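What follows is a single structure, written as structure tokens, with notes after it.
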Amino acid sequence: MSRYEPGQIEKKWQSAWDEAGVFTAKIDPAKPKYYVLEMFPYPSGRIHMGHVRNYTMGDVVARYKSSCGFSVLHPMGWDAFGMPAENAAMERGGHPKDWTYGNIAVMKDQMKPLGLSIDWSREFATCDPEYYGQQQSMFLDMLEAGLVYRKAAVVNWDPVDMTVLANEQVENGRGWRSGALVERKELTQWFFKISAMADDLLSSLDGLENWPEKVRLMQANWIGKSQGLQFAFETVNAPEGFEKLEVYTTRPDTLGGASFAGISADHPLAKALAEKNEAIAAFAAECRKGGTTAEEIETAEKIGFDTGLRVRHPLDPSVELPVWIANFILMDYGTGAIFGCPGHDQRDFEFATKYSLPIIPVFVAEGGVEAPLSEPFVPMKSERVTYIRNVAGAGVKTGEQGILDAIALAEEKGFGEGVTKFRLRDWGLSRQRYWGCPIPVVHCPTCGVVPEKKENLPVELPYDVSFDKPGNPLDRHPTWRDVPCPKCGQAAKRETDTMDTFVDSSWYFTRFTAPRATTPTVMSDADYWMNVDQYIGGIEHAILHLLYSRYFARAMNVTGHLPAKSREPFDALFTQGMVTHEIYKTTDDKGRPVYHLPEDVIRQDSGVTLADGRSVEVIPSAKMSKSKKNVVDPMNIIASYGADTARWFVMSDSPPERDIEWTASGADATSKHLTRVWTLSDRVASMPSDYAGTGDLELQKAVARAVVEVTKSIEGFAFNKAIAVLYGLTNTLAKADASALVARDGMRVLAQLMQPMTPHLAEEIWAMQGGEGLCARAPWPKADPALLVDDVITLPIQINGKKRAEISVPKDLASSEVEKLALAHEDVVKFLGGNAVKKIIVVPGRIINVVA
RNA sequence: GCGGGUGUGGCGGAAUGGUAGACGCGACAGACUCAAACUCUGUUUCCGCAAGGAGUGUCGGUUCGAGUCCGACCAUCCGUACCA
């Protein structure tokens, strides 16, 4: 008597797939192609359940599409540059390169047993010189195309990681990795001109119909388009060179209610004043210091400083407004200067109240009358209001119209113009770090910034570096740093900054189409494989990675590395949920929290304890994280149950976009089910071939229905529903009294339908039931339409909307006949209790509703 | 604040405006067993002995019919934030 032994069969079939080269992606002009990609992992050293879920989803899609006759590209690589490698080197010694490649080897070993249908021949790591050399080549192309530039900028400086961070990498004023409070520092940096494409990146979101609405919305908010008026105040007593003060507003219709002008502490005018006035300098310093945590910003008081300067109101030069420096005005949005209209802006209202500035209403609720305001009146722009002090005509109109009128007036009078502004700013890519892609330029005292020659690429990272001092080891590596100028040949210095790792991940998906090419991409390969038909990854990348990738695809099109159709590189996006687990906590004798692994706690009715009986606090589920120890190691699951169980479990029960709670009992139950399937297959295989059962047609119909439903569910990313159908089909097969041939056919279909989820078990069953070749290569089953229709259907009968009975009728029976049968039904007669029937609704094939 | 999502049994969750709770977990009962585990069979929304009644966060509306559509509210989660 044999048994289901995943440990043996999984190895066996993985070798069989490898030998047959089933997953090697090949350009086949005769087939439609399908490119499925899961966001590639950072090689942290161990895979976790989230990886298993992510890659299994992609694998289900890849295997399904392959069965459907597509030429599938399903590659894998490593997002291998980044700070953890350097941090590890600093903390524990060793070299980032060794650490990274070591981790890659370990993680690959952990992924292999999952039986993923990945074309490993295309694998690369972003820290491979062959990869980042091509990235440098593209950087030079982008430089030439004017898509990259240098400028001095105030940057977010992470004092712990000793590097610059992008705005997006600052969370609540703290570095997203180090958690350190971010400082402001002025440095000359490289920037990608992403803001030049802001409008395109925004409007193209509309075309991404197979992206989650949520992601498109988050990107739209991030790009932050606004339309408004930019105009100049004439200053009265300002220093030389500041005769005008440019301000930007999205509410020019409230200009009539202006009671002050405000500038940022970083505004050039504020800086000029600070040079001569110590009080202003001190105030500006105070503003810059301001708190950076979420709480501090929320509760931060609005503070201001009256500069004593005044500006003339553009509509009435006799009116002069005071100029204040205020802590809530940002230098890098708009012009760094505003006018304040306290009547219709919460922030300006608070400020005006604090400093006793006039509060002048511009409009009132439609039909209302002017009255003193105790709070600002801020209706929706689409709402109609009565203008009482409008710059462009009084009367009732929407805010939107008022704004348009005000812009028109400003343009007519020549003091301002309508402009569109974006919140999105250029992408600073310089990092003062070693473990990243070197920026391939040389600084020459004579020629300035000189691009490295392409034939000298890659500019490879030197291996002989040390991390015993803070800062960038490239800065203190003379033989690497000191080079002749590529242009004039005299002594020069390499750029020692490396690129933000988001650059690496912004084009890796194009590189998979020709991973060994000596150019960044090969047009013919890119043209065949691009775009990514289905991209799968975490919602945490909704803004940064996806926006940068969209930008890069455009830039690669401009520089001739991608076809125009790939300007939007991801046709469909799916964001999967996390795998979560409860957290088990105790405290040590000093009151500090101590966390425990799930396998170290014992669950009893009385509560949760450790082995020694100490009771454990249970904290509700959260994303699995090493520091909280609420992790389940996939390797343990695979070792004890096999990969198919792990794969089936992470796909079952919950919709894939939702978080799932890992439960040991769930994994156990999954394993039992797969054993049942195996045992069933064993039983069917050993049936005498001439056995004739009585339930053949019934079983064939059930199989046909399952084919339709599983297909539909996989197409719709409803893997949990596909699995529910497969449970049902297994139960039906187990109970059916069918002929040996029909039962074996049914088992083979079950194997094929399970193949995307549990590929090893599927091959085993396929082989047991005499399937030809590999299950992975068998074409996806099709349902015979004749088996999908029933001659007799069961219809529920409702009386006043409540179900009271059901009847079986021939499929094509006329509605009038159905009505008669329904009204004659004994339960219907009973419930009607002699009441007259007012109306009867027959929805063919669905339901009958009797209204009494 | 603003934007978005989600609320269905003990639990995860199903349900083109048409039989609410598919499927799974757990629980309970039975069979097998000397016994236990495994396995198999059955029951399992709630109240009720039953007939029957109630029921998808709350309140209202549209409809022959609402978990599903509309309005208001409550709860909860996520994103985002001094953006002029």
Side-chain angles (χ1 to χ4, degrees), chain A residues 171-172 212-218 220-222 224-226 228-230 247-252 254 261-262 264 290 294 297-302 326-330 332-341 344-348 350-351 378 421-425 539-540 542-543 577 648-649 652-655 657-670 672-673 675-676 679 709 713 718 720-731 734-735 794-806 831 838-852:
Chain A
E171 292 167 355
N172 291 337
E213 185 57 39
K214 181 186 172 74
V215 173
R216 292 196 281 171
L217 193 72
M218 282 165 76
N221 289 341
W222 191 264
K225 183 175 185 170
S226 70
L229 175 73
Q230 184 161 333
V247 300
Y248 173 71
T249 177
T250 55
R251 290 308 298 257
T254 64
S264 164
I297 288 170
E298 225 163 81
T299 54
E301 200 161 347
K302 311 221 172 323
N327 64 339
F328 62 85
I329 300 169
L330 306 174
D332 45 13
Y333 187 80
T335 61
I338 63 158
F339 75 80
C341 176
H344 304 290
D345 183 283
Q346 179 67 40
R347 203 184 36 195
D348 295 347
E350 282 173 38
F351 191 76
V378 192
K421 288 217 185 282
F422 294 92
R423 180 181 176 276
L424 180 69
R425 274 159 275 163
I539 186 75
E540 66 271 24
I543 298 174
W648 182 274
F649 177 77
S652 62
D653 288 350
S654 289
E657 67 273 16
R658 218 174 287 183
D659 294 348
I660 56 165
E661 170 77 5
W662 179 272
T663 65
S665 66
D668 207 46
T670 296
K672 283 180 189 171
H673 174 72
T675 302
R676 250 189 319 267
T679 310
E709 283 170 46
S713 298
N720 56 322
K721 283 189 246 170
I723 283 180
V725 174
L726 290 170
Y727 270 111
L729 180 60
T730 305
N731 290 340
K735 286 177 188 166
T794 302
L795 291 178
I797 305 175
Q798 293 183 334
I799 294 173
N800 294 331
K802 280 197 193 310
K803 189 202 159 193
R804 295 299 186 187
E806 48 182 44
F831 277 99
K838 291 191 190 125
K839 195 174 176 185
I840 180 162
I841 291 135
V842 176
V843 183
R846 291 230 74 114
I847 204 166
I848 301 153
N849 192 8
V850 180
V851 185

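Since the structure is predicted, the reported quantities are computational estimates derived from the model, not experimental observations. The sequence lines fix the lettering, A, B, ..., with proteins before strands; numbering per chain opens at 1.
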- Message: At less than 4.0 Å, is any side-chain N or O atom of Tyr248(A) found next to OP1 or OP2 of rA84(B)? Yes or no.
- Response: no

- Item | C1'-based separation of rC73(B) from rG24(B) [nearest Å] | 35 Å

- Got Gln230(A) and Thr335(A) here, is their nearest side-chain heavy-atom distance under 4.5 Å? yes

- Does Arg423(A) make a side-chain N or O approach to OP1 or OP2 of rU80(B) shorter than 4.0 Å? no

- Message: As a test of reading the structure: which of rG42(B), rA84(B), rC64(B) is closest to the side chain of Asn849(A), going by heavy atoms?
- Response: rC64(B)

- Mate of rA72(B) where both pairing distances stay under 3.5 Å, Watson-Crick or G-U: rU58(B)

- Message: On a heavy-atom basis, which atom in Ser654(A) and which in Asn720(A) lie closest, and how many Å separate them?
- Response: O-CB, 3.5 Å

- Under a 3.5 Å limit for both distances, which nucleotide forms a Watson-Crick or G-U wobble pair with rA50(B), could you say? none

- Task: Please check if the side chain of Asn849(A) supplies one atom and the backbone of Gly801(A) the other of a donor-acceptor pair under 3.5 Å.
- Result: yes

- Is Asp348(A) close to Phe339(A) at the side-chain level, that is, under 4.5 Å between some pair of heavy atoms? no

- Message: Can you check the distance between rG13(B) and rC59(B), where both ends of the measurement are the P atom (answer in whole Å)?
- Response: 25 Å

- Message: Are the side chains of Leu229(A) and Thr249(A) in contact, using a 4.5 Å heavy-atom criterion?
- Response: yes

- Rounded to whole angstrom, note down the P distance from rC74(B) over to rG55(B). 24 Å

- Query: Would Arg347(A) and Glu350(A) satisfy salt bridge (Lys or Arg N to Asp or Glu O under 4.0 Å), going step by step from the backbone distance to the final call?
  - Reply: CA-CA 5 Å; Arg347(A) 203 184 36 195; Glu350(A) 282 173 38; over 6 Å; no

- Would you say rG53(B) has OP1 or OP2 under 4.0 Å from some side-chain N or O of Arg804(A)? yes

- Query: Of all the choices, rA84(B), rC23(B), rU39(B), which nucleotide is nearest to the side chain of Lys672(A) once you look at every atom?
  - Reply: rU39(B)

- Task: Scan nucleotides 7-17 of chain B nucleotide by nucleotide, 5' to 3', and note B when protein non-hydrogen atoms come under 4.0 Å of the base, S if they reach only the sugar-phosphate, - if neither.
- Result: -----BSSSB-

- Under a 3.5 Å limit on both distances, the Watson-Crick or wobble mate of rC28(B) is rG42(B)

- Task: With P as the reference atom in both, quote the distance from rG26(B) to rU58(B) in angstrom, rounded to an integer.
- Result: 30 Å

- Query: Where does rG10(B) fall, syn or anti, if syn means a chi angle no more than 90° from 0?
  - Reply: anti

- Base-pairing assignment for rG1(B) (Watson-Crick or G-U wobble, both under 3.5 Å): rU80(B)

- Note on the structure: The nucleotide from rU19(B), rC83(B), rC23(B) with an atom nearest the side chain of Glu806(A) is rU19(B)

- Message: Looking at rU33(B), which nucleotide sits across from it as a Watson-Crick or G-U wobble partner, both distances under 3.5 angstrom, or is there none?
- Response: none

- Query: Distance between the C1' atoms of rG7(B) and rA20(B), in whole angstroms?
  - Reply: 16 Å

- What's the closest nucleotide to the Leu217(A) side chain, out of rA84(B), rU19(B), rG3(B)? rG3(B)

- Note on the structure: Residue pair Gly801(A)/Met218(A) against RNA chain B: nearer the 5' end by closest nucleotide is Gly801(A)

- Message: Check the phosphate of rG24(B) against Asn731(A), side-chain N and O only, distance under 4.0 Å to OP1 or OP2. Yes or no?
- Response: yes

- Between Tyr248(A) and Ser226(A), is any side-chain donor less than 3.5 angstrom from a side-chain acceptor? yes

- Of Arg347(A) and Thr794(A), the one whose closest nucleotide on RNA chain B sits nearer the 5' end is Thr794(A)

- Pairwise C1' distance for rG17(B) and rG4(B), with rounding to whole Å: 25 Å

- Message: When you compare the side chain of Ile797(A) with that of Val850(A), does any pair of heavy atoms fall below 4.5 Å?
- Response: yes

- Query: Which whole number of Å gives the distance between the P atom of rC70(B) and that of rU62(B)?
  - Reply: 15 Å

- Message: What's the gap between rG30(B) and rG48(B) when it is taken at their C1' atoms, as a whole Å value?
- Response: 25 Å

- For the side chain of Tyr727(A), starting at C-beta, report the closest nucleotide among rC38(B), rC23(B), rU19(B). rC23(B)

- Message: Heavy atoms from C-beta onward define the side chain here; which of rG3(B), rU19(B), rC82(B) lies closest to that of Asn327(A)?
- Response: rC82(B)

- Parallel under 30°, tilted from 30 to 60°, perpendicular over 60°: which one fits the rings of Trp648(A) and Tyr727(A)? perpendicular

